[in-house]
Amino acid sequence: MDHVPSPVEEFSFAGLRAGALACLKETAPPAKCAMVKALHRAWHAGELALEEADIAAGVPAAGIPGRPARPELVSPLQVKLRSMATPEGRAALIHALAHIEFNAINLALDAVWRFPGMPRDFYADWLQVAAEEAYHFSLLADHLQHLGYAYGDFTAHNSLWEMAEKTGADVLGRIALVPRTLEARGLDAAPPVRAKLAQAGDIAAAEILDIIMRDEVGHVLIGNRWFNWLCEQRGLDPISTFAELCVRYKAPPLRGPFNLEARRAAGFSDEELLMFKDVAG
């Protein structure tokens, strides 16, 4: 059975980035969420140092990311589509959203511990993202339990983390292709999913999607902020650099429809918004 920390349980962290690695390697979702919350609290209480060294050297890849034995990870083509007209179908959708949020916790933690030499605000930003993703996961997991299911009861795919592995040695590629590409797809997908849940009568799930959408705009904004900062530091053009990175790392092609209003709020430039309009036809 997954370990569930008690309200009074204490966690001890050697430093911010070492703490993020410890959270990342935790396999039990409830414990991971509790650890992230504790790490976030300790950082803002001024209890943690920010390690400047490259702490990734010598850390084995095994156990990264920590995740439970279930859900079974399969090809995206093997993830069954279920009708929203059935309780099981709605639970499967909530499960898919929970899996995205669980991956997002790990992705944010990985950004904190893996990449040395970034400004202090970079680590604070991604720790904030990890804490908010843990909150989202907890909301969805609790709602899934209310529906009579648990995280792990359905299959899931691993596409988000596979891109993280491809970009593990390249902070620019990671920021370009995870938060501002794959995760930005959530800005486009969330409104129709919310509408389907509300139409099916699951108002509680629709309200959870409202919270997630509000926060995800901020997460993609953070991704855009650091992508543009890195491009400026390296003297690179953001538009052509993004296109080159998509080819180098074989990113999924952009496809509409796009939520242009949310993408504008999330910091995409006017030139990028025009590109999205062209892609969408």
Side-chain angles (χ1 to χ4, degrees), residues 3-67 101-138 160-161 163-165 167-180 183 215-216 218-230 233 267:
H3 168 62
V4 181
S6 71
V8 297
E9 184 168 345
E10 293 291 334
F11 297 101
S12 177
F13 304 108
L16 175 62
R17 294 173 62 216
L21 177 59
C23 295
L24 179 63
K25 295 174 75 171
E26 172 57 50
T27 60
K32 188 188 292 282
C33 291
M35 287 180 71
V36 170
K37 183 177 180 180
L39 184 68
H40 184 260
R41 183 204 61 77
W43 171 253
H44 284 282
E47 298 171 3
L48 299 175
L50 174 60
E51 309 95 324
E52 296 182 3
D54 182 356
I55 64 173
V59 175
I64 298 175
R67 54 190 168 208
E101 298 301 319
F102 186 75
N103 267 294
I105 302 169
N106 287 332
L107 290 164
L109 292 170
D110 197 70
V112 174
W113 88 271
R114 185 174 297 276
F115 300 114
M118 295 294 287
R120 184 181 182 88
D121 284 351
F122 175 88
Y123 304 103
D125 277 350
W126 292 112
L127 176 62
Q128 181 67 33
V129 172
E132 290 175 355
E133 304 290 19
Y135 174 55
H136 299 166
F137 174 82
S138 298
L160 270 172
W161 190 259
M163 182 57 75
E165 290 179 331
T167 56
D170 180 8
V171 64
L172 180 64
R174 169 69 64 84
I175 299 302
L177 300 178
V178 175
R180 70 189 305 270
E183 292 186 281
D215 293 343
E216 291 300 337
H219 299 174
V220 178
L221 182 63
I222 287 170
N224 274 316
R225 172 189 176 190
W226 289 109
F227 176 73
N228 288 315
W229 183 88
L230 284 161
Q233 293 294 307

Testing the basics here: between [X] and [Y], what is the closest heavy-atom pair and its distance to 0.1 Å?
X      : Y      : value
Pro179 : Val220 : O-CG2, 3.7 Å
Asn106 : Pro65  : ND2-CB, 3.5 Å
Ile64  : Trp113 : CD1-CZ2, 3.9 Å

Rounded to the nearest 0.5 Å, how far does [atom2] of [Y] lie from [atom1] of [X]?
X      : Y      : atom1 : atom2 : answer
Glu165 : Leu160 : CD    : CG    : 11.5 Å
Cys33  : Glu26  : SG    : CD    : 10.0 Å
Ile55  : Phe115 : CD1   : CZ    : 12.0 Å
Asn228 : Ile175 : CG    : CD1   : 11.5 Å
Leu230 : Asp170 : CG    : CG    : 9.0 Å

**Report entry** Pair His219, Gln128: side-chain N/O donor-acceptor within cut-off below 3.5 Å
**Finding:**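 No - no donor-acceptor pair under 3.5 Å links their side chains.
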For the pair [X] (side chain) and [Y] (backbone), establish whether a donor and an acceptor sit closer than 3.5 Å, ignoring hydrogens and angles.
X      : Y      : result
Lys32  : Arg67  : no
Glu52  : Gly117 : no
Tyr123 : Leu16  : no

Report task. Indicate the ring-plane relationship of Trp226 and Phe122, choosing parallel, tilted or perpendicular according to the 30° and 60° boundaries. Result -> perpendicular
Using a 4.5 Å cut-off on heavy atoms from C-beta on, say whether the side chain of [Y] contacts that of [X].
X      : Y      : value
Glu133 : Glu183 : yes
Glu216 : His136 : yes
Trp229 : Pro119 : yes
Val36  : Phe11  : no
Leu21  : Lys25  : yes
Met35  : Phe13  : yes
Leu107 : Trp126 : no
Cys23  : Leu39  : yes

Requested in this report: Evaluate the criterion side-chain contact (heavy atoms from CB on, under 4.5 Å) for residue pair Val129 and Asp215; output intermediate values, then yes/no.
Outcome: CA-CA 9 Å; Val129 172; Asp215 293 343; over 6 Å; no
Query raised in the report: Pick from Leu109, Leu127, Leu50: which one makes a side-chain contact (heavy atoms from CB on, under 4.5 Å) with Arg17?
Result: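 Only one option passes, and that is Leu50.
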Query - Any pair counted as salt bridge (charged side-chain N to carboxylate O under 4.0 Å, His left out), so long as it reaches residues 107-124, sequence neighbours left out - result: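 For residues 107-124, and leaving out neighbouring residues, the salt bridge (charged side-chain N to carboxylate O under 4.0 Å, His left out) pairs sorted by first residue read Asp110-Arg114, Asp110-Arg174, Asp121-Arg225.
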Report task. For Phe227, check ring-ring contact (aromatic ring centres under 6.0 Å, His included) against everything at least two apart and list the hits. Result ->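 By the ring-ring contact (aromatic ring centres under 6.0 Å, His included) rule, Phe227 matches no residue at all.
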